[in-house]
Every structure is written in structure tokens, then in C-alpha cells.
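Structure first, commentary second.
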Amino acid sequence: MGSFCLPSTFSSCIRSSAATNSMAMAAFLSHHPKILPQPFLSTTFRFISLSTSTKPPRKLFQVRSVATPAEGIAGFESMISGTERKYYLLGGKGGVGKTSSAAALAVKFANSGHPTLVVSTDPAHSLSDSFAQDLTGGTLVPVEGPDSPLFALEINPEKAREEFRTTAQKNGGTGVKDFMDGMGLGMLVDQLGELKLGELLDTPPPGLDEAIAIAKVIQFLESPEYNMFTRIVFDTAPTGHTLRLLSLPDFLDASIGKILKLRQKIASATSAIKSVFGQEEKRLDAADKLERLRERMVKVRELFRDKESTEFVIVTIPTVMAVNESSRLHASLKKESVPVKRLIVNQILPPSASDCKFCAMKRKDQLRALDLIRNDPELSSLLVIEAPLVDVEIRGVPALKFLGDIIWK
Ligand SMILES: Nc1ncnc2c1ncn2[C@@H]1O[C@H](COP(=O)(O)OP(=O)(O)OP(=O)(O)O)[C@@H](O)[C@H]1O
């Protein structure tokens with residue numbers, strides 16, 4: 001079902017969608033009184049009142065969201081069926097609309113009766129901006145507006161790593177060194193230092209921050225207060241990070257393997273000393289913590305690969321560069337066995353009814369990129385969801401509902 005709009009004006013979309021959802025749009029307008037000039041606002045409201053009459057809206061222009069049928073991939077209905085917990089990860093190139101699509105999906109889930117959690121692990125959070133509510137703080141924050149509970153969680157990946165590092169240092173750093181020095185075994189700790197445990201946390205490999213943040217969320221999700229959530233939506237950091245994140249367990253395996261070997265040496269030395277002097281054996285908690293992180297990362301990776309519970313949705317825009325990047329992303333996700341079914345192609349210019357040359361050129365260019373998608377060996381098997389470019393920023397729950405109703409069908 002499409003809605004009909006004047007050329008590239010969201011305001012006209014507001015008017016046409018008002019026919020189906022005038023309440024939401026009235027609320028949207030009350031949140032955004034400055035979007036439209038005053039005379040336009042009055043026409044808008046006149047339209048809303050007209051929308052209950054039999055007079056049809058002006059159909060100058062059609063804005064459509066087209067879901068190309070891909071074999072065996074069901075629509076939004078399949079995403080809301082069942083009450084067992086499901087995870088949706090939205091990822092793609094920077095600035096293509098990941099946050100908007102993720103927030104719109106979370107609103108739609110909540111409005112479909114699913115208590116939903118939307119999580120951002122992107123260091124440059126924009127969930128607060130997208131919902132036009134303050135969701136910062138690193139804890140669960142209720143989002144006002146949807147019918148069922150919707151909570152947001154913005155995890156600051158750098159802060160998560162910092163917390164991890166501080167605890168690791170407090171428990172394992174100098175305490176262990178002093179103890180081992182006292183035993184004349186400081187040299188072993190120096191060797192541990194050479195394994196760059198500190199450096200690993202000070203200058204982390206790309207993706208480690210987000211890995212720690214996601215591991216933290218997974219840990220949260222195991223606690224009872226999170227039991228209620230049946231849908232979890234992740235707004236992830238741009239492409240590269242997500243990919244590196246998947247290879248982190250292997251990376252940590254390699255680092256931790258070395259650390260654990262040394263730890264064993266130290267443990268046997270200290271237990272010998274302990275048996276002679278009755279000293280208390282101290283643990284290298286930094287290594288312990290890394291090991292636990294690795295275990296959690298393995299869990300995260302398993303979860304990412306579980307077809308029953310998880311889906312990674314790629315978001316892109318119709319440009320050759322973005323399409324090529326999405327193609328590479330899909331290839332890498334496939335290699336990592338992460339289930340992908342849908343591709344959102346966002347910000348598509350509707351066909352112009354005016355003689356705007358720029359719009360016509362731009363649209364031609366976009367159509368070429370759409371063709372590229374159809375012929376791309378990586379992307380052609382996906383369910384392609386085309387979403388239009390609207391003429392104002394999508395902010396606030398009513399606007400997200402508007403976008404969600406276009407994208408998620
Ligand atoms: N279909 C659309 N029509 C108009 N504006 C849009 C559309 N989709 C997204 N935007 C706008 O584009 C900007 C970027 O969107 P968004 O923040 O969702 O992208 P992102 O991929 O999450 O970005 P980042 O990689 O920086 O996190 C925002 O201002 C958003 O309102």
C-alpha cells in the first residue's frame with residue numbers, strides 16, 4: 001500500500017498518511033510545530049479534517065516502499081510472530097539510516113505488542129536524537145509513546161572498555177605485581193606485561209569496544225529484569241566494526257591463550273610457595289576477566305549465527321559506493337554464517353512530477369544503483385525494501401511510526 005505525496009515534500013506525506021493515521025500525525029505536528037510554515041500547517045490540519053470526508057487526496061506523486069519478493073522470505077508478520085526472544089541487528093555504511101530504521105522497527109515491535117529493547121553500541125549514539133528523548137546514561141530508559149513497553153539502552157563502548165580496564169587493573173594489575181615481586185617472581189609479571197595485556201585495553205583493536213559493549217548487553221540480558229523483552233533491536237556501529245567484532249573471539253583466543261600459559265606457570269610457582277609459607281594465593285583477575293570476556297564473545301558470536309533467533313538487516317542507500325559496501329558486508333556476514341534476509345534501500349527519491357533537472361538526474365543515478373542491487377550476486381537473493389527520502393528529518397515516535405509503517409511491512 002503506497003501513500004501519495006507532492007514532489008519530495010514530507011508535509012504532503014503527512015497529509016496523505018493522515019488519511020490512515022491522523023492522530024499520529026497530529027501528535028507528530030504538535031512535536032514539530034516548526035516543520036511547516038504556518039499557512040501550510042493550516043492546510044495540513046484542514047486536510048486532516050478533510051480526510052474523514054470522501055474527498056480523495058491529490059495523487060500527484062506516489063511515494064512507495066517496495067518490498068521485492070524474494071523467495072521464501074516472509075514480511076513483517078513473520079518478524080512479530082511468536083513470543084520467544086528475537087534479535088535484530090541493523091548495520092551498514094555510516095549515515096545511511098541505520099538508527100532511523102532500527103528505531104522505527106523498535107516502535108513498530110512495541111506497537112505490535114512486543115515489549116522491546118533498542119540498544120545502541122555505536123560510539124556516536126544517535127538514538128536520543130532519533131527518538132527526540134534523552135536516552136543517555138548507559139541504563140534502561142523508557143521511551144514514551146508506543147503502546148507496549150519500549151526501552152532504550154545506549155552503551156558507551158569506550159566507557160564499557162574503561163570500566164573493564166579499571167576493574168582488571170584494580171584486581172590484577174599492581175596488586176599481583178607487588179605480591180609476585182615480594183616472592184621474587186616479578187619477572188614473570190613483567191613477561192605478562194610484555195604480552196601487552198595493558199596495551200590491549202589501552203589501544204584496543206578496532207571492534208573491541210563494541211565487542212565489550214555487546215558482551216555487556218548480553219550479560220544484562222541474562223538477568224531477570226530483562227526477561228520481559230521479546231524483541232531486541234541493535235543499532236550497530238558502521239560496517240567495519242561489526243565485521244571485526246565477529247572475528248574477535250579468535251583474536252582473544254590467541255591473546256588469552258598466551259596469557260593463560262604464563263598464568264599457569266605463575267600459579268604452580270605460587271602454590272609451591274604457598275605450600276611452604278602458607279601465603280594466600282592471589283589470582284590474576286585481569287586474565288580471568290579477559291577469559292570471561294572471551295567466553296561471552298563466543299556466546300555473542302553463537303547468538304549472531306542462530307537463524308532461529310537472530311537476523312542481521314543491512315541498510316544501504318542507492319549509490320554505487322554504498323551498494324558495493326553492502327555487497328561486501330553481505331559476503332562477510334555469510335562467511336561468518338550470520339543470517340541475513342533483508343536489505344533496506346533507504347532515501348530513494350520519488351519520481352519527480354516537476355521538471356527539476358537535479359531531481360531527474362539524481363533519480364536516474366539511483367535507479368542505476370537499484371539495478372546494480374538486482375544484478376549483484378550477493379544482494380539479489382535478499383528481500384529488497386525500498387524506502388523513500390522524505391523532506392524532513394525523522395525524529396520522535398510519531399515520525400518513527402510513520403517511517404516504520406513504510407519500511408516494515
Ligand atoms: N528516509 C529518510 N528520509 C529522510 N531523511 C532520512 C531518512 N532516513 C534517514 N534520514 C536522516 O538521515 C540522517 C542519518 O540517519 P541515521 O542517523 O538513521 O543514519 P545512521 O546510518 O544511523 O548514521 P550513523 O552511521 O552516523 O550512525 C538523519 O538525520 C535521519 O533523520
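As the structure is a prediction and not an experimental result, all values here were calculated from the model. For ligands, and for the atoms within them, numbers begin at 1 and follow the listed sequence.
Taking only nitrogen or oxygen atoms, main chain and side chain alike, Leu389 does not reach within less than 3.5 Å of ligand 1. Note: an N/O pair closer than 3.5 Å links Gly97 and ligand 1 by distance alone. The shortest N/O to N/O separation between Leu403 and ligand 1 does not fall below 3.5 Å. In terms of polar-atom proximity, defined here as any N/O pair under 3.5 Å, Glu393 does make such a contact with ligand 1.
The atoms of ligand 1 that sit less than 4.0 Å from any heavy atom of Asn346 are 1 (N), 2 (C), 7 (C), 8 (N), 9 (C). Annotation for ligand 1: atoms under 4.0 Å from non-hydrogen atoms of Ser100 are 9 (C), 15 (O), 16 (P), 18 (O), 30 (C). In summary, the atoms of ligand 1 found under 4.0 Å from a heavy atom of Lys98, numbered by their order in the structure, are 18 (O), 19 (O), 20 (P), 21 (O), 22 (O), 24 (P), 25 (O). Here is the list of ligand 1 atoms found below 4.0 Å of a heavy atom in Gly94: 25 (O).
Using a 30° and 60° split on the angle between ring planes, Phe229 and Phe151 fall in the perpendicular class, above 60°.
The two atoms that bring Met79 and Phe109 nearest to each other are O-CE2, 3.5 Å, heavy atoms only. Of all the heavy atoms in Leu349 and Leu389, the pair that sits closest is CD2-CD2, 3.9 Å.
A salt bridge is absent between Lys86 and Glu311: the closest approach of a Lys/Arg side-chain nitrogen to an acidic carboxylate oxygen does not fall below 4.0 angstrom. Taking a cutoff of 4.0 Å between a charged side-chain nitrogen and a carboxylate oxygen, Lys334 and Glu378 qualify as a salt bridge.
Residue contacts with ligand 1 for Asp391 are absent, since no atom lies close enough (heavy atoms, distance under 4.0 Å). The proximity of Ser101 to ligand 1, defined as any non-hydrogen pair under 4.0 Å, does not occur for either the backbone or the side chain.
Counting heavy atoms from C-beta on, the side chains of Ile314 and Leu343 come closer than 4.5 Å.
Residue Asp355 qualifies as open at atom CG: its count of foreign heavy atoms under 6.0 Å is 12 or below.
Asp365 meets the salt bridge (Lys or Arg N to Asp or Glu O under 4.0 Å) test with Arg368; sequence neighbours excluded. In this view, Lys362 satisfies the salt bridge (Lys or Arg N to Asp or Glu O under 4.0 Å) rule with no residue, not counting sequence neighbours.
For Thr99 and Ser126, the side-chain atoms include at least one donor-acceptor pair closer than 3.5 Å.
Closest to atom 11 (C) of ligand 1, if we only count protein heavy atoms, is Gln347 NE2, 4.4 Å. Among protein heavy atoms, atom 27 (O) of ligand 1 sits closest to Asp122 OD2, 3.2 Å. The protein non-hydrogen atom at the shortest distance from atom 31 (O) of ligand 1 is Ile394 N, 3.4 Å.
Within the set Ala104, Gly95, Ala399, the minimum heavy-atom distance to atom 23 (O) of ligand 1 is found for Gly95. Which of Pro388, Ser130, Ala387 comes nearest to atom 2 (C) of ligand 1 through a heavy atom is settled by distance: it is Pro388.
In this structure, atom 4 (C) of ligand 1 has protein heavy atoms in its sub-4.0 angstrom surroundings.
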